[in-house]
Amino acid sequence: GKQYMGDVEDIKKLFDRLGVNGSLTLDDHCLHVIAPPTADKFRDELLGDAAMPATEEWRLNSGTYPKLSCSGGIWLDVKQHIVRANHFKVSSHKIPTLLFHYSVAIHKMYASGELEKEDTAVSGERRITTQVMKTLYDSKPMWRPPAVGITYDGAASLFSTQLLFPGAEGEKQIEKVVFPGSQYLVTLTFVSRLEKPSTDWHPVRHQPLLQALDTALLSFARWEAADAVPTWLLAGVKVFRSDGDVMRLSDSCVSMLGYYASLKICRAGLVFVADIAVNCFLAGGSLLELMCGVGNYNSLDMLCNESTRYFQQAEEAVNSRRSDHYGDNSSSSSKRRSMGADEAFGDLNYGLPVQVIRRMEEAFKTAKIKVTYCNQWKKLKSFGPAPRSASSGFTLDGRQVTIEEYYEIKYRQDIASAKGKLGTGYFATALGATGGKLLYPTLPTVNVGSVKKPAYIPAEFIIIPAGQTRTRGLSGDMSAKIIKQAAMLPNDRMKVISTTQHKSLLEAMTDDPNAEAFGLGQNISHTPLAVRAQVLYPAKLCYGNKQIVEPKLAGTWNLAGSVKFSHPAPDPNVTAQPRPVYLYSVVMTFDRREPRNWESLVYGFVEQVERESFNVGIPLSRVGPLPMMIDGNARGATDESLAEAMGNAKRLGARAVLVLLNFDCYSAVKLAADSVGLPSQCIKWKNMERLPKGYLTNVLMKINCKMGGINHTLAERIPSKNGPQPEEDAEPTFQQPPRSLSWLLDDLCMVVGVDVTHPEPQPVG
């Protein structure tokens with residue numbers, strides 16, 4: 001009842017309300033609030049002097065398994081199964097005895113010879129660091145397999161199977177790497193030798209060695225990070241084929257089916273762990289096409305028509321205000337330059353509605369983009385004003401120009417420098433087909449600079465490379481699609497991860513010469529490890545009056561209207577009356593105004609709760625008004641109103657409070673209730689409007705537990721070592737461990753619990 005879950009700030013507020021001074025805000029006091037001891041939950045009196053029985057008499061020294069069947073009330077699949085794991089044995093005898101670890105530092109070198117202070121290997125993009133190291137790797141024929149295997153993690157670590165240069169640990173070698181447009185200085189520092197164990201592998205002692213092998217495992221995908229169009233896309237320890245299975249998640253995102261691949265040390269030694277993986281990626285392609293999808297435009301023409309219409313409104317606004325101040329003699333372009341667009345027509349300078357711009361920024365912000373005319377990679381920071389807008393203007397050679405005018409000027413300069421021949425300059429190449437004119441001057445630009453120093457590029461020159469993972473902002477519908485794509489039958493799943501056919505993971509690792517040089521590749525078994533397994537007894541539950549519920553192998557059971565709780569919550573006034581009654585209060589939250597017809601809905605729900613509470617053995621009796629009304633969207637006033645309501649319920653003797661959430665202010669409710677030590681149970685409004693089957697019983701189970709009760713205990717299946725006996729002959733112990741699991745004590749065994757998730761809501765019809 002005193003349990004509280006929340007973030008750190010809420011816990012601090014709770015301390016303040018409880019009067020806990022600063023000297024007591026230590027870990028143990030925090031834990032006391034978050035997870036109070038058993039004694040504070042009133043459970044100690046239920047246990048009494050009960051003790052757990054000894055387990056020695058249950059051990060099966062003969063080594064045989066129980067011969068059980070589905071007769072006599074015992075439900076157990078006694079057939080022993082062979083369970084295949086997604087673990088594949090790695091033959092370690094071909095792994096080199098020594099591996100060598102080098103740290104990598106990459107510094108950009110300017111034309112003046114000065115080095116950039118920031119280490120690109122630490123802060124740079126994986127694409128750039130891999131491109132630098134791949135250029136260095138290609139320039140060193142002596143570093144090639146089979147003589148030497150080299151793998152690079154894309155950041156600051158490189159591993160090899162041979163010494164790359166002589167010297168002790170700490171020795172450095174500096175290499176200059178040059179490719180078109182850039183030059184870098186690479187510093188390799190010898191860190192350590194990694195020795196392969198002669199016998200047992202240890203997951204902690206050999207962690208550096210495992211890291212080196214893990215890096216080499218996906219070496220084929222790591223080196224491809226520098227390619228313009230990679231075959232494999234790497235996301236941590238997951239790899240995806242760029243031409244693999246793709247599912248559209250939204251207008252800007254897709255999901256791809258790939259593989260999880262890593263090495264692990266377990267009782268079987270060194271093993272390769274593989275599984276299928278589904279990740280969300282940003283959809284690749286032309287930014288304009290993707291903008292159409294995100295903005296709900298059916299075609300690029302529709303998008304352009306919208307931006308043109310918006311910009312015409314902007315022109316009219318500027319002309320009108322300019323005429324009021326300066327007359328009608330100025331040209332349209334001079335009006336735009338002489339008057340700030342933000343001042344004149346606000347968001348119209350972007351060429352699209354502000355809500356559309358926000359959706360686009362939410363979809364593409366921080367995405368890596370490629371500028372087509374110069375082949376450079378940038379990062380999309382935000383969308384900017386349209387090229388024709390005055391807000392895009394800046395000073396060039398002493399005069400103010402817009403982005404549209406800037407591109408026209410650069411085009412003419414390229415033409416002049418090429419003496420009339422197209423294709424020799426960036427801008428001549430980009431605008432040659434249109435004679436120096438932008439195709440879409442009223443669409444938003446892309447800002448690749450900062451807020452203070454923006455750098456605007458027209459969206460028509462931007463493409464978004466495929467393969468960029470997106471983990472934030474996934475909607476429930478998108479998550480459901482990802483789960484659906486990842487859901488496979490076990491046999492189908494095993495076929496996908498263990499196949500060696502064309503385009504498979506095992507094929508790529510087998511064909512990788514670097515992985516082979518590290519002793520991997522063909523030394524990974526294609527046969528999964530397997531163990532014997534047996535489906536165990538399901539739980540056998542004992543409710544009040546020794547009523548037994550047998551779930552069998554179905555995994556579910558229905559308690560509605562049929563059972564009482566094993567131990568109803570202890571009642572402080574139980575001695576004052578023959579039958580305890582549990583007092584409770586009702587609070588309802590709403591958003592500024594009460595919902596229509598709330599009275600009949602609330603009264604009917606409360607009546608059903610109280611009726612069902614008598615059936616399960618914790619008869620509830622309401623105190624206080626029905627309900628206490630709280631405006632859940634009143635900002636600071638909400639906390640005060642909730643605190644007052646919970647305090648009133650506490651003073652009236654309520655053991656719990658039922659909170660009906662017409663407006664979701666769950667965190668505030670929990671904080672207010674926990675501040676006065678009052679258990680609370682929140683009810684979603686939609687569940688009151690359409691009561692799910694068994695919902696009332698589930699709610700009362702939670703209330704009973706929060707008040708200190710126990711809903712059910714475990715019934716003993718075999719109460720005597722001499723065979724099944726009536727339940728009343730069982731030893732009077734509290735929740736005896738099932739003796740049917742005694743054989744777990746006699747052999748090395750792993751117990752696997754299988755959870756069952758609820759499916760996503762299905763569409764009506």
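Here the structure is a predicted model, which means the values were calculated and not measured.
- The shortest distance between side-chain heavy atoms of C253 and M478 falls below 4.5 Å.
- Under the 3.5 Å distance criterion, the side-chain polar atoms of N523 are matched with a main-chain donor or acceptor of G519.
- Heavy atoms from other residues, nucleotides or ligands lying under 6.0 Å from CD of E114 number 12 at most.
- Looking at heavy atoms from C-beta onward, K176 lies in side-chain contact with M109 at the 4.5 angstrom threshold.
- A salt bridge is absent between D414 and K410: the closest approach of a Lys/Arg side-chain nitrogen to an acidic carboxylate oxygen does not fall below 4.0 angstrom.
- The side-chain contact (heavy atoms from CB on, under 4.5 Å) test applied to A487 returns no partner, not counting sequence neighbours.
- Around the NZ atom of K378, the shell of radius 6.0 Å holds no more than 12 heavy atoms that belong to other residues, nucleotides or ligands.
- For Q207, the CD atom is densely surrounded, since the number of other residues' heavy atoms within 6.0 Å is greater than 12.
- Checked against the 6.0 Å centroid threshold, Y184 and F179 count as a close aromatic pair.
- Considering only heavy atoms from C-beta on, V239 stays 4.5 Å or farther from Y260 through its side chain.
- Under 3.5 Å, the side chains of Y373 and Y407 contain a donor-acceptor pair of N or O atoms.
- Put simply, the side chain of T215 never gets that close to the backbone of D153: no donor and acceptor are under 3.5 Å apart.
- Crowding of R358 atom CZ: a count of heavy atoms from other residues, nucleotides or ligands under 6.0 Å not exceeding 12.
- Residues T510 and Q522 bring no donor and acceptor atom of their side chains to less than 3.5 Å of each other.
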Next item on the list: Please test Q173 against E175 for side chain to side chain donor-acceptor pair (under 3.5 Å), starting from the C-alpha separation and ending with a verdict.
Entry: CA-CA 7 Å; Q173 180 166 309; E175 301 280 352; 2.5 Å; yes
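- When each of L380, L287, I457 is checked for a side chain to side chain contact (heavy atoms under 4.5 Å, CB included) with I369, only L380 meets the rule.
- The aromatic ring centres of Y406 and F394 sit less than 6.0 Å apart.
- Annotation: cation-pi geometry satisfied between R144 and Y137 (NZ/CZ under 6.0 angstrom from ring centroid, within 45° of ring axis).
- Between the side chain of E224 and the backbone N or O of W232, at least one donor-acceptor pair lies under 3.5 Å.
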Next item on the list: Take F165 and Y102 through the test ring pair (Phe, Tyr, Trp, His ring centres under 6.0 Å) and record every step on the way to the result.
Entry: CA-CA 11 Å; F165 51 84; Y102 296 86; 5.4 Å; yes
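- The backbone N or O of S262 lies less than 3.5 Å from no partner atom in the side chain of D214, so there is not a single donor-acceptor pair.
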Next item on the list: Check the pair L213 / F159 against side-chain contact (heavy atoms from CB on, under 4.5 Å), numbers first and verdict last.
Entry: CA-CA 9 Å; L213 295 173; F159 303 95; over 6 Å; no
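- In the model, S192 has no side-chain atom that pairs as donor or acceptor with a side-chain atom of E169 under 3.5 Å.
- Ring geometry, F100 versus F190: the interplanar angle falls from 30° to 60°, so the pair is classed tilted.
- With hydrogens and angles disregarded, a donor-acceptor distance shorter than 3.5 Å links the side chain of D119 to the backbone of I106.
- The backbone N or O of G154 lies less than 3.5 Å from a partner atom in the side chain of T129, making a donor-acceptor pair.
- Atom NZ of K495 sits in a sparse spot, with 12 or fewer heavy atoms from other residues, nucleotides or ligands closer than 6.0 Å.
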